[in-house]
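Report on one structure; see the data block that follows.
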There are 2 protein chains.
Amino acid sequence: MGGPKLPEQERCDAILAAAYQIALTEGLDAVTARRVATAAGISPGLVFFHFQSKDGLLQALLDVLLDGTLDALTDPDLAKRAPWDRLEGMVRVELERLAEYHASVELLFAFYFSRREDLFRDRIEVSFGRYLEAFVPVCREVTAGTARSGDDLAATVVALIQGASIHAIRNPSSFNPEALLSTMQAFRPLR
Amino acid sequence: MGGPKLPEQERCDAILAAAYQIALTEGLDAVTARRVATAAGISPGLVFFHFQSKDGLLQALLDVLLDGTLDALTDPDLAKRAPWDRLEGMVRVELERLAEYHASVELLFAFYFSRREDLFRDRIEVSFGRYLEAFVPVCREVTAGTARSGDDLAATVVALIQGASIHAIRNPSSFNPEALLSTMQAFRPLR
DNA sequence: CTGATCATTGATCCGGTGATCAATATAAGG
DNA sequence: CCTTATATTGATCACCGGATCAATGATCAG
């Protein structure tokens with residue numbers, strides 16, 4: 001018994017990477033201590049040594065997922081353009097990311113809909129909330145001076161993106177960001 | 001052993017009702033043969049006698065769910081109004097149904113994201129496809145004579161409704177159909 | 001009434017899962 | 001080199017879920 005030792009951080013990362021991989025390819029239910037351990041080339045007991053419980057492992061996995069999926073809020077360098085162009089650019093970035101990361105987004109939804117414990121849902125809700133908030137300021141700028149509400153526009157835009165992600169998950173090959181973007185032009189203020 | 005006898009159909013319905021109830025209130029994972037049997041007041045073996053396997057039970061449950069959730073495509077009597085009014089009416093009906101049936105919709109998503117077998121996904125995809133198709137004709141009418149594409153509009157509208165359902169699931173009390181409907185006015189052709 | 005068919009029961013088997021733990025190997029400090 | 005703290009192993013436990021099945025109860029045709 002016993003075996004080669006690795007620094008805490010590195011081992012945890014390796015375990016998480018294995019769990020992530022399994023979750024992506026075979027679904028959340030396939031993430032069991034034994035399978036993760038086998039995939040990571042370690043013994044099952046070690047998973048609990050580092051993460052206490054399976055819930056602990058899933059919590060950590062969810063954190064990784066949220067960090068890598070819902071943080072593209074930080075606009076790129078092109079931050080100072082006209083409000084509408086900025087909004088359109090943000091939506092475009094998000095939609096194009098979907099085509100690439102749809103598997104991660106799918107996993108996120110799997111977390112949300114199959115692990116209903118508050119522990120998980122609360123974190124996801126907070127992230128969703130932050131996601132919405134990232135769109136509010138620019139939407140308010142866009143609707144300034146019109147009769148429309150910036151908050152409503154933000155809610156609509158986010159609903160659109162989330163609905164689009166379901167499409168991207170269902171049928172990635174037929175998913176086309178341009179179709180949504182062109183329809184979205186209708187939101188542009190006429191002025 | 002042995003017990004009161006019931007006609008096949010009735011027993012199956014009772015089992016399905018129990019399964020549905022458990023799934024709605026405690027999630028899909030809580031739907032086990034034993035729990036369903038207890039809830040239905042019968043013996044565990046009977047579940048398999050009537051549904052062969054757990055997959056069989058879940059298939060039947062999914063059918064019930066799809067029938068009750070994604071079939072509101074049949075427009076009400078107010079079928080012959082102007083295209084835009086018709087589209088707006090359809091969206092309104094769907095959004096208002098969300099507020100009432102969000103638990104069923106949540107269950108539908110749970111099916112989709114946690115049971116990844118083709119057996120389940122294919123049926124859901126077909127239903128989603130039909131759902132989209134129900135919006136295509138009216139969207140084409142709406143965009144006729146404009147530069148916009150009816151199919152793109154339909155895809156956008158469906159994405160919007162599905163995104164809205166996620167909102168309705170996350171936070172039913174803060175879900176307000178009117179916000180989306182008013183923003184959607186932007187899609188109305190100017191003409 | 002009788003026998004055949006169907007519905008029902010509940011005990012039981014088997015596999016997989018989360019979790020625990022004593023034993024052991026490794027690394028670091030004096 | 002010895003000691004101490006920390007990783008790591010792999011066997012093992014208890015539990016639960018799907019599935020099976022012999023035994024038994026109900027129902028009905030003849």
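Throughout, a chain's letter reflects where its sequence line sits, starting with A, and its residues are numbered from 1. Fair warning: this is a prediction, and the values are worked out from it, not measured in the lab.
- Applying the salt bridge (Lys or Arg N to Asp or Glu O under 4.0 Å) criterion to E178(B), with sequence neighbours excluded, gives R92(B).
- If you measure from atom CD1 of I42(B) to atom C1' of dG25(D), you get 16 Å, rounded to the nearest angstrom.
- Side-chain proximity of L46(B) to dA19(D), dT8(C), dA19(C): nearest is dT8(C).
- L153(B) and L181(A) fall within the same hydrophobic cluster, defined by Ile, Leu, Val, Met, Phe, Trp and Tyr side-chain heavy atoms under 4.5 Å apart, directly or through other members.
- Electrostatic pairing of R116(B) and D29(A) does not count as a salt bridge here, judged by no charged N lying under 4.0 Å from a carboxylate O.
- Taking atom CD of Q52(B) as the reference point, atom P of dC21(D) lies 15 Å away to the nearest angstrom.
- Atom CZ of F49(A) is separated from atom P of dG10(D) by 16 Å (rounded to the nearest Å).
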Tabulated below should be each protein N or O lying under 3.5 Å from an N or O of nucleotides 12-17 of chain C; please produce it.
none

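- Applying the salt bridge (Lys or Arg N to Asp or Glu O under 4.0 Å) test to R148(A) and every residue at least two apart in sequence or in another chain returns nothing.
- Classification of the Y112(A)-F128(A) ring pair by plane angle, with boundaries at 30° and 60°, yields tilted.
- D55(B) has its CG atom 7 Å from the P atom of dA19(D), to the nearest Å.
- Linking ILVMFWY side-chain heavy atoms closer than 4.5 Å, directly or via other members, places V47(B) and F49(B) in a single hydrophobic cluster.
- Distance, Q9(A) CD to dT6(D) C1': 16 Å, rounded to whole Å.
- Of the candidates dG10(D), dT9(C), dG18(C), dG18(C) carries the atom nearest the F48(A) side chain, counting heavy atoms from C-beta on.
- With distances taken from any side-chain atom of H50(A) to the nucleotides dT9(D), dA19(C), dT8(D), the minimum falls on dT8(D).
- Rounded to an integer number of Å, the gap from F51(B) CZ to dT8(C) C1' is 15 Å.
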